Amino acid sequence: MSRKTVYMCFITDLIHGGHMSIIKKAAELGDLTVGVLTDDVITSSFRRFPLLRFEERVKVLENIKGVKRVIPQPTLSYAENLRALKPNYVVHGDNWRRGFQVPIRAEVIEILTEYGGQLVEFPYSEDEEYQRLELMKRQQLSLPDVRRARLKRLLDMKPLVRVLEAHNGLTGLIVEKTRVSKNGKSYQFDAMWCSSLCDSTSRGKPDIELIDLSTRLRAIDEIMDVTTKPIIFDGDTGGLTEHYVYNVRTLERMGVSAVIIEDKTGLKKNSLFGTEVHQTQDSIENFCNKISAGKAVLKTNDFMIIARIESLILEKGMDDALKRAFAYVEAGASGIMIHSRRSTPDEIFEFCDRFRKHNSITPLVVVPTSYSNVTEEELVSRGVNIVIYANHLTRSAFPAMKEVAEMILKNGRAAEADDLCMPIKEILTLIPEEY
Ligand code: SPV
Ligand code: MG
C-alpha cells in the first residue's frame with residue numbers, strides 16, 4: 001500500500017519548538033510536502049515582513065527531519081498546490097479558525113472534500129516563550145538596520161512598491177496596518193512617504209522648505225516609534241550640498257531607507273504649482289555634484305539617494321528630462337523620480353518607455369497626484385518600481401475635520417456631528433497598549 005501524503009504551508013521564518021512538534025506530527029501521517037509562501041505573498045498579505053528571503057526559508061525547511069519536499073506556494077490560497085498534489089491530509093494549527101485566514105481555511109476544506117482529503121488541525125501552541133520570540137521578531141523589524149534595508153529588499157521582491165504619505169504616529173499606523181482583501185488576495189502599503197507638503201501643511205505652513213529639519217526628523221521619530229515599514233523622506237532640494245551631506249548621514253543612521261531630492265534651486269515652491277510661480281531648475285552639473293557628495297558619505301549599501309527630475313513640471317521638455325535622468329544615474333543616483341502635473345499619464349509613460357530602452361535596472365519612482373486615473377498595473381507595465389500616493393491622508397482628513405467644525409458651529413452643539421465621528425469607545429481602544 002502506498003504511503004499517505006501530507007501538505008503543510010509555512011509563512012514564518014522563525015521556526016521554533018511549536019512548529020517542530022507540528023511538523024513531527026504531520027510527518028507521522030505520511031510523506032510531508034511543505035509549501036513555502038513566496039516573498040511577494042508575505043509582503044502583501046501579512047504584517048510580519050520576512051527577515052529571511054524565500055530561498056533561505058526553503059533551505060531551512062528542507063533540512064528539517066520529516067520534511068520530504070519543499071515547494072513554493074505562490075498564493076495565500078492553497079488551491080493551486082492542493083489541486084496539483086491532492087494530498088491525503090492538510091495539516092495546520094487550529095489558530096487559523098479565527099482572523100483573516102478563515103476564508104483560506106474554508107477553501108482548503110472545500111477542495112479536500114472534492115477529492116476525499118482530510119484537514120488535520122493541531123492545537124496551536126500558546127507557549128509564552130514562543131509568543132515572546134514572535135514579539136521579539138516583530139520588534140526587530142523596527143530597528144534602524146532592518147527597517148533601512150527593507151526598501152531595497154522590497155524592490156527585489158515586488159514588481160511595484162506601494163507607498164503612502166504619513167506625517168505623524170497616527171497616519172504612520174494607518175499606513176502600517178491598513179489591509180484589504182480583493183479576489184482572494186490581500187493588499188497593503190509597503191512603505192511611508194514623509195512629504196514636505198504634508199509635513200508643512202500639518203503645521204499650518206507653506207511648502208517652501210520652511211519647516212526645519214529637526215522638526216521633520218521629530219515627526220519621523222514619532223512614526224518610527226509605532227511602525228516597522230520603511231520610510232522614504234522628501235528631501236526637497238537638499239539645500240546646500242555642504243549641509244545636505246550631514247543630513248543624509250542623519251537620515252541613514254535613523255533607519256530611513258531613501259531620500260528623494262529634486263533638481264531645483266533657490267526658493268522652492270511645490271511642484272504642482274508648475275509654471276504659475278517662479279521656480280529655478282538646478283544645472284545638471286551642480287545637481288550631479290550634490291548626488292555624488294551624498295553617495296560619498298553613505299555608510300551602508302541600503303540607503304538610497306533618489307534624484308527627482310522637475311523638467312516636465314517646469315515645461316523644459318522630455319529630452320531635457322531624459323538627459324538629466326541618465327546624468328543623475330551616472331552621478332550615482334540609486335533611483336529616478338519623474339514628476340508630472342498633467343491630468344493624464346502620457347508624458348510619464350513616454351519618459352519611462354524611453355528611459356527603460358537604455359536602462360532596465362535603475363528604480364523608477366512616480367507620484368500620480370494629478371494623473372490619479374493611472375492604475376498600478378499600467379505603471380508596472382511601463383517599468384515603474386515605486387508609486388507614491390503623496391498627500392492623500394492629509395487631503396482626506398482636512399475636509400472631514402472642517403465639516404465637523406462647521407456642523408458644531410451651525411447647531412450650537414455636537415450631536416449632529418456625532419455620525420461623522422468615530423465612536424468614543426473605538427477611539428479609546430484604537431491604539432492598544434502593547435507594553
Ligand atoms: C510632496 O509630497 O511634498 C512632494 C510631491 O514633493 S508634490 O507635492 O507633488 O510635489
Ligand atoms: Mg515635497
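Start at 1 and go down the list; that is how both ligands and their atoms are numbered. Only a predicted model underlies this, so the values are computations on that prediction, with no experimental measurement involved.
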Give a yes or no on whether the backbone of L52 and the side-chain of R57 come within a donor-acceptor separation of less than 3.5 Å. yes
Pairs under 3.5 Å, nitrogen or oxygen of ligand 1 with protein nitrogen or oxygen:
residue: ligand 1; atom: 2 (O); partner: W193; partner atom: NE1; Å: 3.1
residue: ligand 1; atom: 2 (O); partner: S195; partner atom: OG; Å: 2.8
residue: ligand 1; atom: 3 (O); partner: S195; partner atom: OG; Å: 3.1
residue: ligand 1; atom: 3 (O); partner: S196; partner atom: N; Å: 3.2
residue: ligand 1; atom: 3 (O); partner: S196; partner atom: OG; Å: 3.0
residue: ligand 1; atom: 3 (O); partner: L197; partner atom: N; Å: 2.8
residue: ligand 1; atom: 3 (O); partner: D234; partner atom: OD2; Å: 2.8
residue: ligand 1; atom: 6 (O); partner: D234; partner atom: OD2; Å: 3.0
residue: ligand 1; atom: 6 (O); partner: R308; partner atom: NH1; Å: 2.8
residue: ligand 1; atom: 6 (O); partner: R308; partner atom: NH2; Å: 3.4
residue: ligand 1; atom: 8 (O); partner: N270; partner atom: ND2; Å: 2.9
residue: ligand 1; atom: 9 (O); partner: H339; partner atom: NE2; Å: 2.7
residue: ligand 1; atom: 10 (O); partner: R308; partner atom: NH2; Å: 2.8

Below 2.8 Å, any N, O or S contact between E262 and the Mg ion (ligand 2)? no
Is there an N/O/S atom in S271 that lies less than 2.8 Å from the Mg ion (ligand 2)?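 So S271 does not bind the Mg ion (ligand 2) by this criterion.
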Side chains of Y187 and E376, donor plus acceptor under 3.5 Å: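 Result is no, nothing qualifies.
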Could you check whether S196 and K268, counting side-chain N and O atoms only, form a donor-acceptor pair closer than 3.5 Å? yes
Does the Lys NZ or Arg CZ of [X] fall within the cation-pi geometry relative to [Y] - under 6.0 Å from the ring centre and within 45° of the axis?
X	Y	result
K229	F189	no
R324	F287	no
R342	Y371	no

Can you tell me which N/O/S atom of D234 has the shortest distance to the Mg ion (ligand 2)?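 It is OD2 of D234.
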May I ask you to decide whether K264 forms a salt bridge with D282, counting only side-chain N to carboxylate O separations under 4.0 Å? no
